[in-house]
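These numbers come from a predicted model, not from an experiment. Numbering of ligands and ligand atoms starts at 1, following listing order.
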Amino acid sequence: MNFDSHLHAFDPLRRAQLQQRMEEHWPQLDACLQRLYGSQIEYSAFIDTLMQAILHASLERSKELLQLDTRRMQQAEWFCSEQMLGYCAYVDRFAGNLQGVEQRIPHLQDLGVSYLHLLPFLKARKGENDGGFAVASFEEIQAELGDLNDLNNLTRSLRAAGISLCSDLVLNHVADDHPWALAAKEEDPYYQAFFHTFADRALPDQFEQTVGQIFPQAAPGNFTFDASLQKWVWTTFYPFQWDLNYANPQVFLQMVKALLKLANWGIEVFRLDSTAFLWKRLGTNCMNQAEAHWILQALRSIVQIAAPAVVLKAEAIVATADLPAYLGDQEKQIKECQIAYHSSLMAAAWMALAEQQTDVLQCVIERTPRLPRQATWLTYVRCHDDIGWNVLRAEVAAVSESASIAQQRLQAVSSFYSEQGEGFADGLRFQASDPSAVHGTVGMAASLCGVRGRAMASNQMAVRRMLLMYALAMSFGGMPLLYMGDELAQTNDSSYLDDIDRSHDGRWLQRPMFDEVAMNQVHHADQASLAYVVYSGLQRLLEKRRQLPAFSAQVPSRLIRLPQSSVLAFVRGELEGGTNSQYMPVLCLFNFSELEVVLDQAQLREAMKMSLGLGADLVLQKGCSSCGVDGDVQFNAGSDDRIVLAAYAALWIS
Ligand code: OTU
């Protein structure tokens, strides 16, 4: 490919930089585009337009963002650091609007947040819009939330505070009132080709044989009959979310333009929504197809060329085995997204909490391969979506005696967190009228952990569970994410039931308004308040995390199998590195049981050798520092003594 004809607009220095990045990233981009679109008649015209769009975006990048590009290229693993902390919120629920978010920067700084994911704030469909995930324009901001000026102010203030802004890019679909969909309805053939449409049910019926259901209750099936088109349209999610057809290179081109424009607005991280669904293939579940990965790899190459500060985050809620591919493949030199949600780790941790048993969680960890360079997991406890249990099917089957026991366990965990559950949890089933179906669970972390009311005395155990869950997310090896409200132990919000646009979607149960009263209790250090106890507990863990370089995502987690099945144990850092090691080891212990567990040190060391190999040894001496659910404590046990893990204790021993 000859770029020179496109490069004349740049000054010599930038031209040289761009040329260098092109040379580096063109091979992957070229390979992906060839495979995706090479057979199209207009292929070379498409490549030409695409390159123009890439260079145009690069030319439009502000001075400030160019500086950021340079900085990030020098420190390509910035987001893997143990200093990173994510925070996720809806703009309106957190702070009213974008200006309000700016006002909340001190709160984010107080927690040590370095990455803010604001849920969709682009112009959304009128009426019901799936919390903004039905996008009506990629170039406009939702009017109630602010305008471009507000966004510019916000990104600038955030950057000054050391916080990167992450925005959703809904790749898989657009709203049925997006101009592309409207044009398609007007019978414009160019825009009809942006979607998957079918004149009759023949193909849809065939696809339905193998494609799953995301919202089986509120939006059954994957196709919607559109009256103006007189055709069936592919709608994986709600009927008003029309899946885009990525077999059409124009769709890819338009989404590249949208992404690069938003990148030039100062968005640093893109949460690529529903990445697993981008390519459809008859006879499959239409998830995780090779082409979906090529699309993501092509996007990665494009941002590396045009806006190298930008980081891509894959939202692929898929089986554990299908997850690593979203981060590329170091051996094959494939670069895909830099960040991916570890939904299996999240779901397995909730399962461990319900069962007081960590076998599934251990299996997930064992099946989590070492991260490629310049990549990290997003480790989280809750988010705005449901906890989907199906991602764990393979691991539950692997550790259960039979298929029927595996199925029973999944059913049991799903009812444990639902209204039928007899345990501590206060959640709901997501989208399943059939109580024997295993789908998902909704609820705020605090409620799922058993928080009821605001009295501290009755919530002691619930708080321990919550801190345990967050301690795991903070130490596993990834970027931990705080979900808005969790820092204040906010509980379920049932007010959505009164809203006609929301009552059918239980995920609103965990999308409350930011609790100002609870925040005030924190500000006034009201030590008797639940909010303060949880907030300061999280803060303490976060502060400790920042002091432990072994918690960087680039350091692998090594599982230790203990005889006590309620305890999860792993080591971070270099056991063999001696005292000069950059990554002094940290032993992480988590007791998922409501009962105290006593570990014998000799037994622990034996287990470590068995799990990690003969060289592995970690002598816990008097005075080792340890931190956990029970606060900062000097580790007082001698090397022969026992380690006592109280109910739901998490302990990091360094
Ligand atoms: C994503 O989620 C978003 O996070 C949801 O909020 C949206 O509703 C959805 O896309 C459509 O835009 O399948 O792989 O089961 O886990 O909908 C991504 C609920 C998804 C979510 C699921 C999801």
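Residue Arg507 has at least one heavy-atom neighbour below 4.0 Å for each of these atoms of ligand 1: 5 (C), 6 (O), 7 (C), 8 (O), 19 (C). Atom numbering of ligand 1 starts at 1 in the shown order; those under 4.0 Å from a heavy atom of His384 are 3 (C), 4 (O), 5 (C), 6 (O). When each atom of ligand 1 is checked for a heavy atom of Phe277 under 4.0 Å away, the hits are 13 (O), 14 (O). Close approach of ligand 1 to His173 is summarised as follows: ligand atoms under 4.0 Å from at least one heavy atom of the residue are 11 (C), 12 (O). For ligand 1, the atoms closer than 4.0 angstrom to any heavy atom of Ile317 are 14 (O).
What sits closest to atom 7 (C) of ligand 1 on the protein, heavy atoms only, is Asp130 OD2, 3.3 Å. Closest to atom 18 (C) of ligand 1 among all protein heavy atoms lies Glu315 OE1, 2.7 Å.
Side-chain contact, Glu395 with Thr320: a donor N or O sits under 3.5 Å from an acceptor N or O. There is a side-chain donor-acceptor pair under 3.5 Å between His117 and Asp168. Under the 3.5 Å distance criterion, with hydrogens and angles disregarded, no donor-acceptor pair is assigned to the side chains of Arg125 and Gln241.
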**Worked verdict on Leu497 versus Trp508 for side chain to side chain contact (heavy atoms under 4.5 Å, CB included)** = CA-CA 9 Å; Leu497 291 169; Trp508 288 98; over 6 Å; no
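Nearest residue to atom 10 (O) of ligand 1 from Gly212, Ser274, Pro120 is Ser274 (criterion: closest heavy atom). Distances from atom 19 (C) of ligand 1 to the heavy atoms of Asp385, Asp386, Asp273 show the closest one on Asp386.
Here Arg271 has side-chain heavy atoms under 4.0 Å from ligand 1, and that is the only part of it that gets that close.
Using a non-hydrogen distance threshold of 4.0 Å, Gln431 does not register as a contact of ligand 1. At least one heavy atom of Phe215 sits less than 4.0 Å from an atom of ligand 1.
Salt bridge annotation for Asp386-Arg507: absent, with no cationic side-chain nitrogen under 4.0 angstrom from a carboxylate oxygen. Under 4.0 Å is where a charged nitrogen must lie from a carboxylate oxygen, and between Asp385 and Arg511 at least one such pair does.
Listed by first then second residue, pairs satisfying ring-ring contact (aromatic ring centres under 6.0 Å, His included) with a partner in residues 479-504 read Tyr238-His504, not counting sequence neighbours.
Ring orientation note: the planes of Phe237 and Phe277 are nearly perpendicular, at an angle over 60° on the 30°/60° scale.
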